[in-house]
Amino acid sequence: MPRAITILTEQFADWETGLFNATARLYYSFDTRFATPQGKSVLSSGGMLVTPQLAIEEIDLDGLDVLLLCGGPGWQSADAPDVQALLREAQRRQVVLAGICDGTRVLAQAGLLDQLRHTSNCADNLASLPGYAGAPLYQDVPHAVADQRVITAPGTAPVTFAAAVLAALGIADDGLKGYLALHAAEHGQQA
């Protein structure tokens, strides 16, 4: 059974990783779990209270297939968890890493975007980070970007984010393409 852990912080953006987790769990039998600082309950930006299965400090990378960083303002606060060493070790072990919205900041702070094509909410979201050297590889696009098992996306791209994460895991069948197309269909409509 494939394993995925999503890291959440206080005020996490609840829409950003929900499609991936629901699709992976319901249609592809993933074991999906959620981790927070000290394993404490967190409140989403939409007001949803989440009690996680584990603390960030308890994440075991053995057998883990994907580690997701859900965005939200918690990553820009002084209380943001330091997961840089965890992310670097996960990358060393070939775990798929995925950050959306301010989750991309965490990947950048760990130095994981310095040599990879990537995106975020905007270039300025990453440019001010100390030590960030990936600006020449920044892609100013409204969809997810995947490079060497690292997926990044702006917070407005949960559909392409889910698709890119699943594709990095080797899942890209016609059923998935149709399912994700249903979720993205409204964006093809003229206003």
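Quick caveat, the model's predicted, so the values are computed rather than measured.
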Donor-acceptor pairs under 3.5 Å, side chain of residues 62-75 to any protein atom, not counting sequence neighbours: which ones?
{"unit_1": "D62", "atom_1": "OD1", "unit_2": "R93", "atom_2": "NH1", "d": "2.6"}
{"unit_1": "D65", "atom_1": "OD2", "unit_2": "R3", "atom_2": "N", "d": "2.7"}
{"unit_1": "W75", "atom_1": "NE1", "unit_2": "C70", "atom_2": "O", "d": "2.7"}

**Report entry** Exercise: do T51 and S41 side chains pair donor with acceptor under 3.5 Å
**Finding:** yes
Query raised in the report: Any side-chain donor-acceptor pair under 3.5 Å between T32 and N21?
Result: no
Query raised in the report: Do other residues, nucleotides or ligands put more than 12 heavy atoms under 6.0 Å from R117 CZ?
Result: yes
Query raised in the report: Taking only residues at least two apart or on different chains, which pairs with a member in residues 169-180 satisfy salt bridge (Lys or Arg N to Asp or Glu O under 4.0 Å)?
Result: none
List the atom of [X], the atom of [Y], and the distance in Å for their closest heavy-atom pair.
X: G39; Y: P52; value: O-CG, 3.4 Å
X: C101; Y: T104; value: O-OG1, 2.6 Å
X: P81; Y: T9; value: CD-CG2, 3.8 Å
X: A110; Y: R88; value: O-NH1, 3.2 Å
X: I151; Y: A168; value: CD1-CB, 3.8 Å
X: Q115; Y: L137; value: C-CD1, 3.3 Å

Looking at [atom1] of [X] and [atom2] of [Y], how far apart are the two atoms once the value is rounded to the nearest 0.5 Å?
X: F34; Y: F12; atom1: CZ; atom2: CZ; answer: 8.0 Å
X: Q53; Y: D31; atom1: CD; atom2: CG; answer: 8.0 Å
X: T119; Y: D147; atom1: OG1; atom2: CG; answer: 12.5 Å
X: Q94; Y: Q148; atom1: CD; atom2: CD; answer: 9.0 Å
X: Q76; Y: S128; atom1: CD; atom2: OG; answer: 7.5 Å
X: L166; Y: I171; atom1: CG; atom2: CD1; answer: 5.0 Å

**Report entry** All pairs passing ring pair (Phe, Tyr, Trp, His ring centres under 6.0 Å) where residues 90-116 contributes a residue, at least two apart
**Finding:** none
Query raised in the report: For residues 94-120, which residue pairs qualify under ring pair (Phe, Tyr, Trp, His ring centres under 6.0 Å), counting only residues two or more places apart or in two chains?
Result: H118-Y132, H118-Y138
Would a hydrophobic clustering, with Ile, Leu, Val, Met, Phe, Trp and Tyr connected at side-chain separations under 4.5 Å, put [X] with [Y]?
X: L97; Y: F30; result: no
X: V165; Y: V141; result: no
X: V150; Y: F161; result: no
X: I100; Y: L129; result: no
X: L8; Y: I56; result: no

**Report entry** Test side chain to side chain contact (heavy atoms under 4.5 Å, CB included) applied to Q11 and L43, step by step
**Finding:** CA-CA 5 Å; Q11 296 297 310; L43 192 66; 4.2 Å; yes
Query raised in the report: Of all residues at least two apart in sequence or in a different chain, which pass the ring-ring contact (aromatic ring centres under 6.0 Å, His included) check with Y28?
Result: none
Report summary line: Residue set satisfying ring-ring contact (aromatic ring centres under 6.0 Å, His included) with H143, at least two apart, ordered chain then number -> none
For the side chain of [X] and the backbone of [Y], is there at least one donor-acceptor N/O pair under 3.5 Å apart?
X: R33; Y: L54; answer: no
X: W15; Y: G155; answer: yes
X: Q139; Y: V145; answer: no
X: E89; Y: L86; answer: no
X: D14; Y: E16; answer: no

Requested in this report: Report yes if the side chains of L19 and H183 come closer than 4.5 Å at any heavy-atom pair, otherwise no.
Outcome: yes
**Report entry** side chain to side chain contact (heavy atoms under 4.5 Å, CB included) between I7 and I59, intermediate numbers included
**Finding:** CA-CA 10 Å; I7 296 177; I59 292 175; 4.0 Å; yes
